[in-house]
Undergrad: 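Sharing a structure, written as structure tokens. Questions coming.
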Amino acid sequence: MTLPTTTKAIGFYEGFELKGDQPGFQDLVLPMPVLKAQDLLVQVQAVSVNPVDTKQRQTQVKTTKPRILGFDGVGQVVAKGEAVADFALGDMVYYAGTTKRPGSNMAYQAIDSRLVAEKPTTLDVNASAALPLTSLTAWELLFEKLGFTPAPGANQGQKILVVNGAGGVGSMLMQLAKWSGLRVYATASNQNFDWLMQYGADVTLDYHQNIAEQLRAVDIVNVDGIAILYNPTNYFQMAADLIKPFGHIASLVDVQTLPIGLLKPKSASFDWEFMFTKSDYNVNMASQGRILQQVAQLVDQGVLKSTLREVIPGINAQTLTQAHRQIEGGHTKGKIVLSGEF
């Protein structure tokens, strides 16, 4: 296969809001990426948009080199570095990438092969593109931060509370929790209760009402782990009250201060989950490829299902702006995928 010398991409040169006359995303043509020894060159066929995309778009400092976002990607391997042995040309792969290199919003992307796995064989590229970032985040939070065991039924008799279960991460975390034997209590607005049940919740809780009271109504006074998948500030006192002694709480949403001392009487812990830490600091990067491989196997076995909610045809500045607007609305459930030609 003769590769082109340039690639289409969608980028920008300075952080911007989706309003007014500020310059936004631009359709660009860039030189083809240069591969490192452990890299794959992937011809991208579908991408997903996550809240981290919108935050990085808003805060990007002015630059002379275009910033290319995109962390979920699915595509075909068309070239590889000399140190890559685990993939072959033609493989269909999926990944969540890194913040340190140009992302998947480009027709040809260079990505470290340690972050990559073959996509699920039972899903098309669109459903596969909805999986990587949220699956990795959910897996790391559940099994590496909250300390539950990643094996079928291994956590029988234990309970987890998931705050914001209907989001992308929550929808994957509930499924993994259920697979691993946990009893799942999850919050959402009541119009999303069907979604919660579809993706693994045993008991649904309305976040507009007092969560602890709703748990007491079903005879639950404490839980073994709590995943706060929303701003933890308003939930921290509740979490401190509900967590068992020596239990674990984890979140993924930035806040500057939390009353962490509330956890001391129970010797409970609090952890941050940030999926990009491994690739940002080159720590155990290959674990993410292995996690995605396990996720693909669980999907192909029918244990996990994609959280794809909407496919927007075409990958360009206009469709990417549309997806960012929807994500910033703050009420999406599942994932939005862009698919097709650049």
Side-chain angles (χ1 to χ4, degrees), residues 4-36 39-75 94-112 115 125-126 129-130 132-134 136-137 168 252-254 274-277 279-280 310-332 335-342:
T5 57
T6 60
T7 178
K8 292 181 179 180
I10 306 144
F12 60 106
Y13 292 87
E14 186 176 7
F16 64 94
E17 300 292 334
L18 296 176
K19 58 185 178 181
D21 297 326
Q22 289 180 283
F25 290 115
Q26 300 178 37
D27 292 310
L28 305 169
V29 176
L30 303 176
M32 185 67 79
V34 176
L35 296 187
K36 300 177 183 178
D39 281 353
L40 301 174
L41 184 65
V42 177
Q43 186 174 10
V44 177
Q45 298 181 15
V47 302
S48 185
V49 179
N50 296 278
V52 66
D53 293 78
T54 68
K55 292 174 185 175
Q56 298 229 342
R57 187 206 77 235
Q58 294 163 359
T59 58
Q60 175 65 43
V61 298
K62 191 171 184 178
T63 176
T64 57
K65 189 175 181 180
R67 178 73 193 278
I68 312 299
L69 294 174
F71 302 109
D72 281 322
V74 176
Y94 77 145
Y95 48 86
T98 173
T99 65
K100 298 302 185 183
R101 301 179 70 180
S104 58
N105 294 336
M106 57 196 310
Y108 291 90
Q109 179 189 6
I111 183 163
D112 192 302
L115 302 173
V125 295
N126 298 333
L133 187 146
T134 54
L136 286 167
T137 301
L252 46 78
V253 179
D254 284 349
F274 185 54
M275 192 222 73
F276 297 112
T277 299
S279 58
D280 282 356
E310 179 181 357
V311 177
I312 300 175
I315 310 174
N316 54 58
Q318 181 178 353
T319 56
L320 190 59
T321 300
Q322 178 184 343
H324 274 240
R325 286 190 192 281
Q326 290 181 228
I327 294 294
E328 287 187 8
H331 297 289
T332 56
K335 297 294 293 291
I336 300 170
V337 167
L338 309 184
S339 178
E341 296 293 324
F342 277 80

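Computed over heavy atoms, backbone and side chain alike; hydrogens, waters and symmetry mates excluded.
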Undergrad: Test side-chain contact (heavy atoms from CB on, under 4.5 Å) on Leu133 and Phe276 and set out the steps.
TA: CA-CA 9 Å; Leu133 187 146; Phe276 297 112; 3.8 Å; yes
Undergrad: Quick one: pull up CG in Leu115 and CE in Met275 and give me the separation to the nearest 0.5 Å.
TA: 7.5 Å
Undergrad: So, does Thr54 use its side chain to make a donor-acceptor pair with the main chain of His324 at under 3.5 Å?
TA: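 Side chain of Thr54 to backbone of His324: no pair is present.
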Undergrad: Could you measure the distance from the CD1 atom of Ile312 to the OG1 atom of Thr319? Nearest 0.5 Å is fine.
TA: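 Ile312 atom CD1 to Thr319 atom OG1 measures 6.5 Å (nearest 0.5 Å).
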Undergrad: Indicate the atoms forming the closest heavy-atom contact of Met32 with Pro4, along with that distance.
TA: CE-O, 3.0 Å
Undergrad: Please test Asp280 against Thr98 for side-chain contact (heavy atoms from CB on, under 4.5 Å), starting from the C-alpha separation and ending with a verdict.
TA: CA-CA 7 Å; Asp280 282 356; Thr98 173; 3.9 Å; yes
Undergrad: From Leu18 CG over to Phe25 CZ, what is the distance, rounded to the nearest 0.5 angstrom?
TA: 7.0 Å
Undergrad: Any idea which heavy atoms bring Pro102 and Gln109 closest together, and the distance?
TA: O-NE2, 3.5 Å
Undergrad: Do any N or O atoms from the side chain of Asn105 and from the backbone of Ile68 form a donor-acceptor pair under 3.5 angstrom?
TA: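 No.
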Undergrad: What distance do Ile315 atom CD1 and Lys8 atom NZ have between them, rounded to the nearest 0.5 Å?
TA: 11.0 Å
Undergrad: Please determine which of Val52, Val47, Val49 meets the side chain to side chain contact (heavy atoms under 4.5 Å, CB included) test together with Phe71.
TA: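 By the side chain to side chain contact (heavy atoms under 4.5 Å, CB included) criterion, Phe71 pairs with just one of Val52, Val47, Val49: Val52.
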Undergrad: So which heavy atom on Pro33 is nearest to which on Ala110, and how close?
TA: CB-CB, 3.7 Å
Undergrad: Would you name the heavy atoms of Ala317 and Ile10 that are closest together and state the gap between them?
TA: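 In terms of heavy atoms, the two residues are closest at CA-CG2, 3.8 Å.
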Undergrad: Between Asp72 and Ala130, is there a donor-acceptor pair closer than 3.5 Å when you use the side chain of the first and the backbone of the second?
TA: no
Undergrad: Without swapping roles, check the side chain of Thr6 against the backbone of Val29 for a donor-acceptor pair under 3.5 Å.
TA: no
Undergrad: Under the salt bridge (charged side-chain N to carboxylate O under 4.0 Å, His left out) rule, collect the residues that match up with Arg101, sequence neighbours excluded.
TA: Asp39
Undergrad: Just wondering, are more than 12 heavy atoms of other shown residues or ligands nearer than 6.0 Å to CD in Gln318?
TA: no
Undergrad: Do Tyr95 and Asp112 pass the side-chain contact (heavy atoms from CB on, under 4.5 Å) test, and can you show the C-alpha distance, the side-chain angles, and the key distance before you say yes or no?
TA: CA-CA 10 Å; Tyr95 48 86; Asp112 192 302; over 6 Å; no
Undergrad: With rounding to the nearest 0.5 Å, note down the distance linking OG1 in Thr99 to CG in Leu69.
TA: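 Thr99 OG1 to Leu69 CG: 10.5 Å, rounded to 0.5 Å.
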Undergrad: ring-ring contact (aromatic ring centres under 6.0 Å, His included) with Tyr13: which residues, sequence neighbours excluded?
TA: none
Undergrad: Taking salt bridge (charged side-chain N to carboxylate O under 4.0 Å, His left out) as the definition, give me every residue that meets it alongside Arg57, ordered by chain and number, with sequence neighbours left out.
TA: Glu328
Undergrad: About how many Å separate OH of Tyr108 and OG1 of Thr5, when rounded to the nearest 0.5 Å?
TA: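 Nearest 0.5 Å value for the OG1-OH distance: 10.5 Å.
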Undergrad: Do Gln45 and Val74 pass the side-chain contact (heavy atoms from CB on, under 4.5 Å) test, and can you show the C-alpha distance, the side-chain angles, and the key distance before you say yes or no?
TA: CA-CA 6 Å; Gln45 298 181 15; Val74 176; 5.6 Å; no
Undergrad: Tell me if a side-chain donor or acceptor on Asn50 pairs with a main-chain N or O of Asp53 at a distance below 3.5 Å.
TA: no
Undergrad: Can you name the nearest heavy-atom pair linking Thr134 to Lys335, along with the distance?
TA: CG2-NZ, 3.8 Å
Undergrad: Provide the closest heavy-atom pair for Ser104 versus Val44 in the form atom of the first, atom of the second, distance.
TA: O-CG1, 3.7 Å
